[in-house]
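Note sheet for the following structure.
Sequential numbering from 1 along the given sequence is applied to the chain's residues. Note that this is a predicted model, so its numbers are computed, not measured. Just so it is clear, the values below take in all heavy atoms, side chains as well, and ignore hydrogens, waters and symmetry mates.
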Amino acid sequence: MAFAPATDLLRAADFYGSVLGLEHVETNPFAAVFRAGAVMLRVTKVDALAPQPFTILGWSVPDIRATIADFASRGVEFTRYDGMPQDSLGIWTTPDGSQIAWFRDPDGNTLSLTQFV
(Lines give C-alpha, C1' and ligand atoms only; values in the text may rest on other atoms or scores of the structure.)
Protein backbone atom coordinates (compact mmCIF):
# COMPACT_ATOMS: atom_id res chain seq x y z
CA MET A 1 0.00 0.00 0.00
CA ALA A 2 1.25 3.48 -0.87
CA PHE A 3 0.08 6.86 0.41
CA ALA A 4 0.09 10.38 -1.01
CA PRO A 5 -1.38 13.54 0.52
CA ALA A 6 -3.96 15.77 -1.16
CA THR A 7 -5.92 18.82 -0.08
CA ASP A 8 -8.80 18.20 -2.52
CA LEU A 9 -9.92 14.59 -2.96
CA LEU A 10 -12.18 15.25 -5.97
CA ARG A 11 -9.32 16.96 -7.80
CA ALA A 12 -6.96 14.13 -6.80
CA ALA A 13 -9.47 11.49 -7.94
CA ASP A 14 -9.68 13.17 -11.34
CA PHE A 15 -5.91 13.45 -11.70
CA TYR A 16 -4.91 9.98 -10.51
CA GLY A 17 -7.89 8.31 -12.21
CA SER A 18 -8.64 10.23 -15.41
CA VAL A 19 -5.23 11.73 -16.14
CA LEU A 20 -2.87 8.98 -14.93
CA GLY A 21 -5.30 6.18 -15.71
CA LEU A 22 -5.19 4.39 -12.36
CA GLU A 23 -8.21 2.28 -11.45
CA HIS A 24 -10.39 4.32 -9.08
CA VAL A 25 -11.77 2.10 -6.33
CA GLU A 26 -13.58 4.67 -4.17
CA THR A 27 -13.51 8.13 -2.70
CA ASN A 28 -14.66 8.58 0.87
CA PRO A 29 -14.25 11.53 3.28
CA PHE A 30 -10.72 10.37 4.15
CA ALA A 31 -9.10 9.23 0.90
CA ALA A 32 -9.38 8.58 -2.80
CA VAL A 33 -8.37 4.96 -3.31
CA PHE A 34 -6.82 3.52 -6.49
CA ARG A 35 -5.30 0.31 -7.77
CA ALA A 36 -1.95 0.57 -9.49
CA GLY A 37 -1.39 -3.03 -10.53
CA ALA A 38 -1.21 -5.03 -7.32
CA VAL A 39 -0.60 -1.93 -5.20
CA MET A 40 -3.33 0.05 -3.47
CA LEU A 41 -2.74 3.81 -3.51
CA ARG A 42 -4.55 5.86 -0.88
CA VAL A 43 -4.51 9.57 -1.68
CA THR A 44 -5.24 10.83 1.80
CA LYS A 45 -7.10 14.04 2.64
CA VAL A 46 -4.99 16.61 4.46
CA ASP A 47 -5.93 20.16 5.49
CA ALA A 48 -2.61 21.69 4.44
CA LEU A 49 0.34 20.44 2.46
CA ALA A 50 3.94 21.55 1.94
CA PRO A 51 5.16 19.47 -1.01
CA GLN A 52 8.55 17.89 -0.46
CA PRO A 53 11.45 18.43 -2.89
CA PHE A 54 11.78 14.71 -3.66
CA THR A 55 9.79 12.03 -5.45
CA ILE A 56 7.01 10.54 -3.31
CA LEU A 57 5.61 8.07 -5.88
CA GLY A 58 7.00 6.55 -9.04
CA TRP A 59 6.05 4.03 -11.68
CA SER A 60 8.14 1.70 -13.79
CA VAL A 61 6.98 1.90 -17.41
CA PRO A 62 8.00 -0.16 -20.45
CA ASP A 63 8.10 2.83 -22.85
CA ILE A 64 8.76 6.16 -21.14
CA ARG A 65 8.45 8.21 -24.34
CA ALA A 66 5.01 6.79 -25.14
CA THR A 67 3.87 7.30 -21.54
CA ILE A 68 5.10 10.91 -21.54
CA ALA A 69 3.26 11.58 -24.82
CA ASP A 70 0.09 10.04 -23.40
CA PHE A 71 0.29 12.02 -20.15
CA ALA A 72 1.22 15.25 -21.97
CA SER A 73 -1.87 14.86 -24.17
CA ARG A 74 -3.90 14.94 -20.93
CA GLY A 75 -2.22 18.11 -19.67
CA VAL A 76 0.66 16.73 -17.56
CA GLU A 77 3.71 18.99 -17.62
CA PHE A 78 7.09 17.41 -16.99
CA THR A 79 9.55 19.03 -14.61
CA ARG A 80 12.97 20.29 -15.57
CA TYR A 81 15.76 20.62 -13.02
CA ASP A 82 18.62 23.10 -13.29
CA GLY A 83 21.97 21.40 -13.74
CA MET A 84 20.45 18.07 -14.74
CA PRO A 85 20.87 17.09 -18.39
CA GLN A 86 17.35 16.25 -19.61
CA ASP A 87 16.29 15.74 -23.20
CA SER A 88 13.51 17.63 -24.98
CA LEU A 89 10.84 15.52 -23.21
CA GLY A 90 12.36 16.10 -19.76
CA ILE A 91 13.98 12.65 -19.55
CA TRP A 92 17.21 12.22 -17.61
CA THR A 93 19.32 9.19 -18.48
CA THR A 94 21.05 7.59 -15.49
CA PRO A 95 24.63 6.28 -15.66
CA ASP A 96 23.29 2.73 -16.21
CA GLY A 97 21.06 3.89 -19.11
CA SER A 98 17.71 3.89 -17.28
CA GLN A 99 15.51 6.87 -18.07
CA ILE A 100 13.53 8.98 -15.59
CA ALA A 101 11.07 11.87 -15.96
CA TRP A 102 9.34 13.81 -13.22
CA PHE A 103 6.01 15.61 -12.96
CA ARG A 104 3.76 16.98 -10.24
CA ASP A 105 0.25 16.18 -9.12
CA PRO A 106 -2.23 19.03 -8.52
CA ASP A 107 -0.94 19.46 -4.93
CA GLY A 108 2.67 19.78 -6.07
CA ASN A 109 3.77 16.29 -5.01
CA THR A 110 6.64 15.07 -7.20
CA LEU A 111 5.91 11.85 -9.12
CA SER A 112 8.13 10.00 -11.56
CA LEU A 113 8.23 7.56 -14.45
CA THR A 114 11.21 5.24 -14.91
CA GLN A 115 12.12 2.99 -17.80
CA PHE A 116 14.75 0.61 -16.49
CA VAL A 117 17.35 -0.96 -18.79
Side-chain angles (χ1 to χ4, degrees):
M1 185 180 306
F3 296 87
T7 56
D8 182 328
L9 291 181
L10 293 178
R11 183 178 67 182
D14 182 57
F15 180 79
Y16 284 90
S18 299
V19 176
L20 300 188
L22 299 180
E23 178 189 346
H24 182 241
V25 176
E26 72 169 321
T27 298
N28 59 51
F30 309 103
V33 182
F34 302 89
R35 288 264 175 227
V39 176
M40 177 186 289
L41 170 61
R42 290 184 59 86
V43 180
T44 305
K45 173 75 170 102
V46 295
D47 291 330
L49 172 62
Q52 298 302 304
F54 49 80
T55 304
I56 67 158
L57 293 171
W59 291 268
S60 173
V61 296
D63 185 339
I64 195 168
R65 293 180 181 285
T67 305
I68 287 172
D70 183 35
F71 284 8
S73 75
R74 293 186 235 163
V76 174
E77 295 181 19
F78 285 81
T79 306
R80 297 197 165 275
Y81 294 102
D82 291 336
M84 181 173 282
Q86 294 169 272
D87 70 12
S88 62
L89 296 176
I91 299 170
W92 174 62
T93 301
T94 69
D96 77 354
S98 296
Q99 297 180 315
I100 305 171
W102 296 268
F103 59 100
R104 296 186 189 282
D105 74 4
D107 280 286
N109 294 307
T110 301
L111 313 176
S112 70
L113 302 172
T114 302
Q115 181 178 326
F116 292 100
V117 292

Restricting to non-hydrogen atoms, name the atom on [X] and the atom on [Y] that form the minimum distance, rounded to 0.1 Å.
X: Gly108; Y: Pro51; answer: O-CB, 3.3 Å
X: Asp70; Y: Ser73; answer: O-OG, 2.6 Å
X: Phe34; Y: Val43; answer: CE1-CG2, 3.8 Å
X: Arg74; Y: Ser18; answer: NH1-O, 3.3 Å
X: Ile56; Y: Ala4; answer: CD1-CB, 3.9 Å
X: Gln86; Y: Arg80; answer: OE1-CA, 3.3 Å

| said: Please evaluate residues Leu113 and Gln115 with respect to the criterion side-chain contact (heavy atoms from CB on, under 4.5 Å), reporting the C-alpha separation (whole Å), side-chain torsions for both, the decisive distance (0.1 Å), and the verdict. | reply: CA-CA 7 Å; Leu113 302 172; Gln115 181 178 326; over 6 Å; no

| task | Report the relative orientation of the aromatic rings in Phe71 and Phe78; use parallel for angles under 30°, tilted for 30 to 60°, perpendicular for over 60°. | result | parallel

Rounded to the nearest 0.5 Å, how far apart are [atom1] of [X] and [atom2] of [Y]?
X: Phe30; Y: Lys45; atom1: CZ; atom2: NZ; answer: 11.5 Å
X: His24; Y: Leu41; atom1: NE2; atom2: CG; answer: 10.5 Å
X: Tyr16; Y: Leu22; atom1: OH; atom2: CG; answer: 8.5 Å
X: Asp87; Y: Ile64; atom1: CG; atom2: CD1; answer: 8.5 Å
X: Asp8; Y: Leu49; atom1: CG; atom2: CG; answer: 12.0 Å
X: Gln99; Y: Thr94; atom1: CD; atom2: OG1; answer: 8.5 Å

| request: Assess whether side-chain contact (heavy atoms from CB on, under 4.5 Å) is satisfied between Val33 and Thr27, documenting all intermediate values. | output: CA-CA 6 Å; Val33 182; Thr27 298; over 6 Å; no

| request: Taking Asp105 for its side chain and Phe15 for its backbone only, find out whether a donor-acceptor pair lies under 3.5 Å. | output: no

| task | Check whether any side-chain N or O of Gln52 sits under 3.5 Å from a backbone N or O of Ala50 as a donor-acceptor pair, and report yes or no. | result | yes

| message | Under 4.5 Å between side-chain heavy atoms, counting indirect links through other Ile/Leu/Val/Met/Phe/Trp/Tyr residues: same cluster for Leu89 and Val76 or not? | response | yes

| Given the rule in the side-chain contact (heavy atoms from CB on, under 4.5 Å) test, do Ile91 and Ile100 qualify, once you have shown the distances and angles that lead to the verdict? | CA-CA 5 Å; Ile91 299 170; Ile100 305 171; over 6 Å; no

| Taking atom CD of Glu26 as the centre, does the number of heavy atoms from other residues, nucleotides or ligands within less than 6.0 Å exceed 12? | yes

| said: So if I apply the side chain to side chain contact (heavy atoms under 4.5 Å, CB included) rule between Trp59 and each of Thr67, Leu20, Thr114, which one comes out positive? | reply: Leu20

| Are Trp102 and Tyr81 close enough that their ring centers fall under 6.0 Å? | yes

| What's the verdict on side-chain contact (heavy atoms from CB on, under 4.5 Å) for Leu57 and Asn109, showing C-alpha distance, side-chain angles and the deciding distance? | CA-CA 8 Å; Leu57 293 171; Asn109 294 307; over 6 Å; no

